[in-house]
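Read through the structure below, which is laid out as structure tokens, and then see the notes.
Basis for what follows: all heavy atoms, side chains included, without hydrogens, waters or symmetry-related copies. Since this is a predicted model, take the numbers as computed values, not measurements.
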Amino acid sequence: MTTATFSSIFSPTGCLRKDGVSGSKADTWNAKKVFVKCSVSTKTQKAEKEVRLGVLGASGYTGSEIVRLLANHPHFGITLMTADRKAGQSIGSVFPHLVSQDLPKMVAIKDADFSDVDAVFCCLPHGTTQEIIKGLPKSLKIVDLSADFRLRDISEYEEWYGQAHRAPELQKEVVYGLTEILREEIKGARLVANPGCYPTSVQLPLVPLIKANLIEPKNIIIDSKSGVSGAGRGAKEANLYTEIAEGIYSYGVTRHRHVPEIEQGLSDAASSKVTVSFTPHLMPMSRGMQSTIYVELAPGLNFKDLHQHLKLSYEDEEFVVVLEEGAVPRTHNTRGSNYCFINVFPDRIPGRAIIISVIDNLVKGASGQALQNLNVMMGFPENTGLLYQPLFP
């Protein structure tokens with residue numbers, strides 16, 4: 001972690017020492033010349049942390065975000081990183097923006113030694129994670145960022161992901177990691193399934209409203225848009241610059257794999273089956289996500305009732321912010337942060353309302369929420385290492 005120590009800094013009336021006491025000019029310099037002596041240390045130091053972490057799949061976008069966020073975490077330190085295709089390389093050679101981090105070189109998963117690891121972030125592709133997690137030591141706390149354990153019904157997993165579930169016994173102990181909604185369950189969990197990005201942006205506004213019977217659990221229309229990083233770092237023709245730039249690409253129409261995850265969470269809130277209309281779109285931006293949600297109000301209510309309830313539901317939450325009436329959430333305003341910004345607007349169609357929810361798909365939609373969950377699992381304040389403010393412009 002990079003540190004800088006200043007023995008003195010400039011003060012209009014003198015030199016402000018570390019103890020905050022300002023000396024007079026006569027004591028330190030004459031009126032014409034000012035000298036401020038500073039001792040600066042910028043060397044990244046490998047400090048011993050109390051919780052030792054493994055990052056499986058460190059060469060992907062969510063893995064690199066975990067590394068970035070952990071750089072400022074006072075309790076978590078990385079002792080193991082895996083990346084099969086990048087084995088033997090440093091994190092700085094794969095992600096130059098992380099070159100200042102003094103971390104172990106990446107190894108193939110088959111060569112990973114977990115004897116010096118207390119907890120794991122699993123950032124591996126869907127379909128590969130179940131077998132790997134099944135083989136990990138039972139003493140480890142695990143947050144899985146893939147979709148492999150998000151669906152409780154293993155037959156539903158097989159239907160939507162096109163393969164049989166390879167760890168059905170393990171699925172029984174999994175806790176779904178939507179932190180603000182399931183915090184108490186997460187506290188005692190060993191294995192947490194981190195939510196998908198779209199489901200996070202959708203469930204945070206809708207779950208409290210459905211639980212309170214303020215909206216009808218039917219005729220819910222969700223129009224979501226994501227930055228290209230949501231598709232991962234793998235080289236794909238559909239993600240080439242000329243395929244993405246200067247256009248909008250709708251994909252997974254009626255069959256996106258996040259549909260059953262969204263419906264699972266909303267059905268739990270409603271205590272009955274909820275079916276939604278969901279269409280995602282890929283946008284020509286690197287990161288960011290917006291879900292625009294059209295809902296039917298319960299009889300006798302208006303959009304102000306929804307706004308007030310969301311305000312009350314999240315008034316004590318660090319990372320979910322319900323904006324003042326009329327303020328439009330923008331993806332720019334959550335970039336690089338673990339925040340979710342929400343607001344509610346009246347629809348021109350009587351009896352309906354429009355909800356807009358924005359997040360950074362790589363942070364609150366993935367790695368940030370994963371760190372938030374592990375903080376809860378390990379008994380630390382859940383905002384630890386996550387108080388990065390949004391990056392703008």
Validation row: Y157, Q171 side chains within 4.5 angstrom (heavy atoms): no

Do I215 and L206 touch side chain to side chain, with heavy atoms closer than 4.5 Å? yes

Can you say whether the rings of F76 and H73 are parallel (under 30°), tilted (30 to 60°) or perpendicular (over 60°)? parallel

Kindly indicate whether the side chain of H332, heavy atoms from C-beta on, has any atom under 4.5 Å from the side chain of M285. no

Distance alone, cut at 3.5 Å: any donor-acceptor contact between the side chains of D223 and Y294? no

Are there over 12 heavy-atom neighbours, none belonging to Q308, within less than 6.0 Å of that residue's CD? no

Distance flag, aromatic centroids of H258 and F278, threshold under 6.0 Å: no

Path from M377 to L170 over hydrophobic side-chain contacts below 4.5 Å: no

Side chain to side chain donor-acceptor pair (under 3.5 Å) for Y176 and E261? Distances and angles first, verdict last. CA-CA 10 Å; Y176 186 68; E261 184 182 343; 2.5 Å; yes

Contact between T275 and E263 at the side-chain level, heavy atoms closer than 4.5 Å - yes or no? yes

L53 versus L374: any side-chain heavy-atom pair under 4.5 Å? yes

Start with the C-alpha gap between E325 and K311, add the side-chain angles, then the distance that decides, and say whether salt bridge (Lys or Arg N to Asp or Glu O under 4.0 Å) holds. CA-CA 11 Å; E325 284 187 22; K311 272 276 194 186; over 6 Å; no

Could you walk me through whether Q369 and T200 pass side chain to side chain donor-acceptor pair (under 3.5 Å), step by step? CA-CA 9 Å; Q369 186 160 217; T200 296; 3.1 Å; yes

Nearest 0.5 Å please: distance from the CG atom of L98 over to the CD atom of E65. 8.5 Å

Would you say the side chain of Y314 lies within less than 4.5 Å of the side chain of C340, judging by non-hydrogen atoms? no

Can you hop from V295 to F345 via hydrophobic side chains spaced under 4.5 Å? yes

With sequence neighbours left out, write down each residue that passes side chain to side chain donor-acceptor pair (under 3.5 Å) with S271, or none if nothing qualifies. none

Polar side chain donor-acceptor pair, N375 to H75, under 3.5 angstrom: no

Taking C-beta and beyond as the side chain, do S146 and L124 meet within less than 4.5 Å on heavy atoms? no

Applying the side-chain contact (heavy atoms from CB on, under 4.5 Å) criterion to S367, which one of L362, L69, N338 satisfies it? L69

Student check: side-chain heavy atoms of M106 and V94 closer than 4.5 Å: yes

Could you walk me through whether R68 and V363 pass side chain to side chain contact (heavy atoms under 4.5 Å, CB included), step by step? CA-CA 10 Å; R68 179 180 75 88; V363 188; 3.9 Å; yes

Going through the checks in order, is the side chain to side chain contact (heavy atoms under 4.5 Å, CB included) test met by Q264 and R150? CA-CA 9 Å; Q264 174 180 268; R150 293 176 191 160; 5.5 Å; no

Any side-chain donor near an acceptor of the partner, Q389 and Y339, under 3.5 Å: yes

